[in-house]
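What's counted below: heavy atoms across the whole structure, side chains too, no hydrogens, waters or symmetry copies.
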Number of protein chains: 2
Amino acid sequence: MGGVLDKAGITEAALRLIEKKGYDGLTMAALARSLNVAPSALYNHVKSKRDVLLLLEDHLASLVDVSAFGVGQWEDAVRTWAWSYRDVFSQHTPLIPVIAVLPVTDAPQTLAMYETVSAGFRDAGFPEERIVSSIVALESFIFGSAYDVTAPADIFDPGSMAEATPSFTGAVRSLAEQGHERPADVAFGLGLEALISGLGGLRG
Amino acid sequence: MGGVLDKAGITEAALRLIEKKGYDGLTMAALARSLNVAPSALYNHVKSKRDVLLLLEDHLASLVDVSAFGVGQWEDAVRTWAWSYRDVFSQHTPLIPVIAVLPVTDAPQTLAMYETVSAGFRDAGFPEERIVSSIVALESFIFGSAYDVTAPADIFDPGSMAEATPSFTGAVRSLAEQGHERPADVAFGLGLEALISGLGGLRG
DNA sequence: CTTTGTAAATGAATGGCATTCATTTAGTGG
DNA sequence: CCACTAAATGAATGCCATTCATTTACAAAG
């Protein structure tokens, strides 16, 4: 009865499970069941559940669009990359705490993404010693913004505290009246453009 | 045997516990033990463990330094606030997923922080409909950067993949040689200054 | 003082979870 | 045909949050 299982199959099954049941439904038991296998069988292929999350993360990194680096303007490439990166991970926020502490050695697709992005920054004229910091700054913003996408629409409703917080209440109301675009998208666009123009100034 | 427990006491005990054992050590059982009480007793005062995390979050919000708003330049106030905010939550990253989805109604101290910051933005000349988006953009960056502080030093070491990723490897090396400051602080400073100057341009 | 009501604490259960391990099964190369 | 190895099994472990029927302590009302 050798080997219906491997890392690719586990990753795929995990993705299907998450799509159907969300991250709460992603248990080792459920994952095993979806593969018609006993839970303990999974441990022949992954060391722990964290390993599964790591496989997922690296797979998702391969979905991020880096194709604009090397063609056209640096600004446009960063824009495309950042929006795509945020969109992918906004569906997978439980992975963010994992990524944040994940050594890139363990994630080849993620490393490949960094390579493409780094080359794009270098070719755009960034001094070498600022490249990693600039990417990290953008990534931090992207991860934070990914959470933002999942927030409930009324998260900023001050409720009964409205009178005590006039400035904030007014600002929230004003945005709501204005808003056609998703609030999370407005904030992301605003911050991203600020980062692009600010970081762009570091080029030699 | 009425009432040795209340929300303030639970919050304080939880903070002490986290300081000593980290967030892995923060279990309802351990929290109860630290208060000399049975685990089930906690449920007379909080609805769930998530409630405890919520109490913690709101307490931490009160530690964020907003004192610079209303005195001096908007830029300086944002800088002080943002660094302080990041420093506080970099010690409490497990709360970030909670905050991200937390309606402000349930967190009075957090709401108070937003009020002060909003007023600072308004007084600095921000159009009302951009205030919330600007704050959200900054907050997203701050939360993402808080994770960054906790990352291991060698997180970007490409290991055996170094030859396959020359641009990235070079950039990582270059930063390491350069660096006296903590890498997370460099990236945060870079991104924050970019956001401050980019968002500052929205003022009327 | 006693009665009555209420808030708070108890301890025993429940169900879910990741993980471990001794054992079995099934192929593969000598 | 045998020996080795990789993979799957199912039963157990230990930790966890949460629930609930029951008891305890106290305070206010008669």
Over how many whole Å does the gap from Asp24(A) atom CG to dC17(C) atom P extend?
9 Å
For the side chain of Ser40(B), counting heavy atoms from C-beta on, which of dT19(C), dT9(D), dT19(D) is nearest?
dT19(D)
Kindly point out which of dT19(C), dT18(D), dT10(C) is positioned nearest to the side chain of Lys49(A)?
dT19(C)
Out of dA17(D), dT9(D), dA18(C), minimum distance to the side chain of Met28(A) belongs to dA18(C)
Whole angstrom is fine here: how far is it from OH in Tyr23(B) over to C1' in dC16(D)?
18 Å
In whole angstrom, what separates Leu35(A)'s CG from dA7(D)'s C1'?
14 Å
Check this for me: does any side-chain nitrogen of one of Glu193(A) and Arg79(A) sit under 4.0 Å from a carboxylate oxygen of the other?
yes
Distance-minimising heavy-atom pair for Phe168(B) and Ser118(A)
CD1-OG, 3.3 Å
Once you round it to whole Å, what is the distance between C1' of dT19(C) and CG of Asp51(A)?
13 Å
Take the protein atom CG of Leu31(A) and the nucleotide atom P of dG16(C), then report the distance between them rounded to whole Å.
18 Å
Output field: ring centroids Phe188(A)/Trp83(A) closer than 6.0 Å:
yes
Answer yes or no: does a side-chain N or O of His45(B) lie under 4.0 Å from OP1 or OP2 of dA7(C)?
no
Rounded distance in Å - NZ (Lys7(B)) to P (dA8(C)):
11 Å
How long is the line joining CG of Leu42(A) and C1' of dT9(D), in whole Å?
12 Å
Between Arg182(A) and Asp148(A), does at least one N-O distance fall below 4.0 Å, as a salt bridge requires?
no
Grab the CZ-P distance between Arg33(A) and dA18(C) for me, whole Å please.
11 Å
Is any N or O donor-acceptor pair between the side chain of Asn44(A) and the base of dA8(D) shorter than 3.5 Å?
yes
